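Structure incoming, see below.
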Number of protein chains: 2
Amino acid sequence: MNVSEALDILKENGYKHTTKREMFLELFSNERRYLTAKDVLEYMKPSYPGLSFDTIYRNLSVFTELGIVEETELDGEKHFRFSCSTKGHHHHMICLQCGKTNAIEACPMKDITPDEFMITDHKFEIYGYCQECQ
Amino acid sequence: MNVSEALDILKENGYKHTTKREMFLELFSNERRYLTAKDVLEYMKPSYPGLSFDTIYRNLSVFTELGIVEETELDGEKHFRFSCSTKGHHHHMICLQCGKTNAIEACPMKDITPDEFMITDHKFEIYGYCQECQ
DNA sequence: ATAAAATTAGGAATGATTCCGATTTACTTT
DNA sequence: AAAGTAAATCGGAATCATTCCTAATTTTAT
């Protein structure tokens with residue numbers, strides 16, 4: 001995913017182009033790791049001192065719905081990162097300190113034999129510390 | 001895990017035996033699925049009308065530390081269930097409606113080749129709906 | 001029975017997230 | 001380019017799960 005792809009997706013789905021949206025996307029494009037709403041606020045604050053959490057969460061929610069960002073929950077807090085795939089389905093190793101990720105290509109669902117559950121989703125994440133944060 | 005095992009573990013670790021703790025454990029023993037703090041409160045309320053969330057969370061936290069219950073986060077809310085293993089490491093298929101689980105014996109970590117991350121933990125959960133809740 | 005330690009009630013505090021009414025902005029049509 | 005309208009934003013209040021705090025009570029061990 002990159003900024004102009006993301007802007008196209010927004011346009012296709014009837015969302016307007018705003019300078020704030022572009023700056024959100026640039027942040028995610030530069031920082032290819034999991035960020036919190038607060039991280040986003042701090043990055044934007046110099047340019048938009050009055051930016052509200054409402055705007056951040058509303059946009060992150062739109063981005064997530066459209067597949068522009070991926071969302072996960074770490075330690076009770078939502079984290080978001082630029083969707084890192086045209087490569088399709090994948091999982092992540094995540095640094096609990098800085099949010100950096102490494103992709104894991106293998107998906108454990110391939111070994112699952114169906115039972116009476118109707119499966120809608122799954123999560124496979126590996127947590128730890130990246131080289132810099134150890 | 002069963003109630004008397006759990007009580008033994010508590011005693012071994014210097015925690016006192018209280019009637020509330022026993023009732024917590026009985027609930028988890030009867031309902032072998034993921035419950036929220038609110039679920040616990042509602043179950044206990046008839047017997048202990050003044051029971052506070054503080055007591056619930058404090059005990060659930062002790063139980064989790066001692067391995068008596070397992071914890072996970074579903075839709076931004078903590079859920080707890082009686083630890084279902086003397087069988088050691090395992091994962092779960094979880095019903096998003098009622099919290100019922102099916103155990104998954106296979107662990108995807110066996111296929112992970114180490115990289116520069118220092119791995120501390122991992123999560124593999126499959127979400128869906130059990131037969132009754134479909 | 002007593003003392004020390006642990007637990008509890010009850011409510012207040014926290015912190016992330018969401019909601020809401022009023023205002024501003026981006027896009028469309030004239 | 002100006003007007004109209006629908007969406008986006010602001011600012012702050014509300015919500016919700018969870019945690020913290022203190023005085024009072026209960027339990028265990030002596």
Side-chain angles (χ1 to χ4, degrees), chain A residues 6-27 34-66 68-69 71-81 96 99, chain B residues 6-25 27 34-66 68-81 96 99:
Chain A
L7 287 171
D8 288 348
I9 292 171
L10 284 168
K11 177 162 253 175
E12 281 163 25
N13 289 85
Y15 290 95
K16 295 184 173 169
H17 178 279
T18 69
T19 53
K20 285 193 194 72
R21 283 205 169 129
E22 196 162 336
M23 194 164 180
F24 286 134
L25 296 171
E26 270 159 19
L27 167 59
Y34 276 109
L35 302 170
T36 63
K38 210 162 140 199
D39 292 335
V40 174
L41 181 71
E42 263 149 39
Y43 178 83
M44 307 275 286
K45 199 171 244 165
S47 309
Y48 299 99
L51 183 67
S52 78
F53 274 111
D54 184 61
T55 299
I56 293 171
Y57 281 112
R58 184 169 20 75
N59 278 295
L60 289 175
S61 160
V62 168
F63 295 167
T64 303
E65 272 166 33
L66 299 179
I68 292 170
V69 307
E71 183 185 333
T72 195
E73 192 144 348
L74 303 172
D75 198 29
E77 204 172 348
K78 287 187 181 174
H79 288 62
F80 306 86
R81 60 155 293 152
L96 296 172
Chain B
L7 287 171
D8 288 349
I9 293 172
L10 284 167
K11 178 161 251 174
E12 280 163 25
N13 289 85
Y15 290 95
K16 296 183 174 171
H17 178 279
T18 69
T19 54
K20 284 191 196 72
R21 282 203 170 134
E22 197 163 334
M23 192 164 181
F24 286 134
L25 296 171
L27 168 59
Y34 276 108
L35 303 171
T36 62
K38 209 161 140 200
D39 291 335
V40 174
L41 181 71
E42 262 150 39
Y43 178 83
M44 306 277 286
K45 199 170 245 168
S47 309
Y48 300 98
L51 184 68
S52 77
F53 274 111
D54 185 61
T55 299
I56 293 171
Y57 282 112
R58 185 170 19 75
N59 278 295
L60 289 175
S61 161
V62 168
F63 295 166
T64 304
E65 273 166 31
L66 298 180
I68 292 169
V69 307
E70 309 177 35
E71 184 185 332
T72 195
E73 194 145 344
L74 302 172
D75 198 29
E77 205 171 347
K78 287 187 182 176
H79 287 64
F80 306 85
R81 62 154 292 154
L96 296 172

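Naming convention: chains lettered A, B, ... in sequence-line order (proteins, then strands); numbering from 1 in each chain. Keep in mind that what you see is a predicted model, and the values were worked out from it rather than measured.
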In residues 36-61 of chain B, which residues come under 4.0 Å of DNA chain C by heavy atom?
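B:Gly50, B:Leu51, B:Ser52, B:Asp54, B:Thr55, B:Arg58, B:Asn59, in order of number.
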Look at B:Lys20 and D:dT26 and indicate whether a side-chain polar atom (N or O) is within less than 4.0 Å of OP1 or OP2.
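Checking B:Lys20 against D:dT26: no side-chain N or O falls below 4.0 Å of OP1 or OP2.
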Using modelled atom types only, decide if a donor and an acceptor are shared between the side chain of B:Thr64 and the backbone of B:Leu60 within a distance under 3.5 Å.
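Present.
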Atom-to-atom span, CG of B:Leu74 to C1' of D:dC16 - whole angstrom:
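Atom CG in B:Leu74 sits about 17 Å away from atom C1' in D:dC16.
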For the residue pair B:Glu71 and B:Phe80, what are the closest heavy atoms and their distance?
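Closest pair (atom of B:Glu71, atom of B:Phe80, distance): CG-CE2, 3.6 Å.
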Which residues in residues 6-19 of chain B have a heavy atom closer than 4.0 Å to any atom of DNA chain C?
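Nucleic-acid contacts, sorted: B:Tyr15, B:Lys16, B:Thr18.
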When you look at CG of A:Asp8, are more than 12 heavy atoms from neighbouring residues, nucleotides or ligands closer to it than 6.0 Å?
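Correct, the count exceeds 12.
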By side chain to side chain contact (heavy atoms under 4.5 Å, CB included), which residues pair with A:Asn13, not counting sequence neighbours?
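Side chain to side chain contact (heavy atoms under 4.5 Å, CB included) list for A:Asn13, sorted by chain: A:Ile9, A:Tyr15, A:Leu66.
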Check step by step if side chain to side chain donor-acceptor pair (under 3.5 Å) holds for A:Ser61 and A:Arg58.
CA-CA 5 Å; A:Ser61 160; A:Arg58 184 169 20 75; over 6 Å; no
First-last contacting nucleotides on DNA chain C - partner chain A, under 4.0 angstrom, heavy atom
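With heavy atoms of chain A under 4.0 Å away, the range is C:dA16 to C:dC27.
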Gap between atom NZ of A:Lys78 and atom CD of A:Glu73 - 0.5 Å precision:
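These two atoms lie 7.0 Å from each other.
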Let me check the geometry of the helix from C:dA1-D:dT30 to C:dT30-D:dA1. What is the bend angle between the axes at its two ends, five pairs each, to 10°?
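Angle reported: 30°, given to the nearest ten degrees.
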d(NE2, B:His79; C1', D:dT18) in whole Å:
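Whole-Å distance recorded here is 14 Å.
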Full working for side chain to side chain donor-acceptor pair (under 3.5 Å) between A:Glu22 and A:His17:
CA-CA 7 Å; A:Glu22 196 162 336; A:His17 178 279; 2.7 Å; yes
Reported CG-to-CG distance for the pair B:Asp54 and B:Asn59, which is rounded to 0.5 angstrom
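So the CG of B:Asp54 and the CG of B:Asn59 are separated by 9.5 Å.
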To the nearest 0.5 Å, how far apart are CD1 in B:Ile68 and CG in B:Leu25?
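If we round to the nearest 0.5 Å, B:Ile68:CD1 and B:Leu25:CG are 6.0 Å apart.
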Can you give each donor-acceptor pair under 3.5 Å made by side-chain atoms of residues 39-48 of chain B, sequence neighbours left out, with the distance rounded to 0.1 Å?
{"residue": "B:Asp39", "atom": "OD2", "partner": "B:Thr36", "partner atom": "N", "Å": "2.9"}
{"residue": "B:Asp39", "atom": "OD2", "partner": "B:Thr36", "partner atom": "OG1", "Å": "3.2"}
{"residue": "B:Tyr48", "atom": "OH", "partner": "B:Thr19", "partner atom": "OG1", "Å": "3.1"}

Step-by-step side-chain contact (heavy atoms from CB on, under 4.5 Å) determination, A:Lys20 to A:Leu51:
CA-CA 9 Å; A:Lys20 285 193 194 72; A:Leu51 183 67; 3.7 Å; yes
Minimum heavy-atom distance A:Arg21-A:Leu10, with the two atoms named:
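So the minimum-distance heavy-atom pair works out to CD-CD1, 4.1 Å.
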CZ/B:Phe24 to CZ/B:Phe63 distance, rounded to the nearest 0.5 angstrom?
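Answer for the CZ-CZ pair, B:Phe24 versus B:Phe63, is 6.5 Å.
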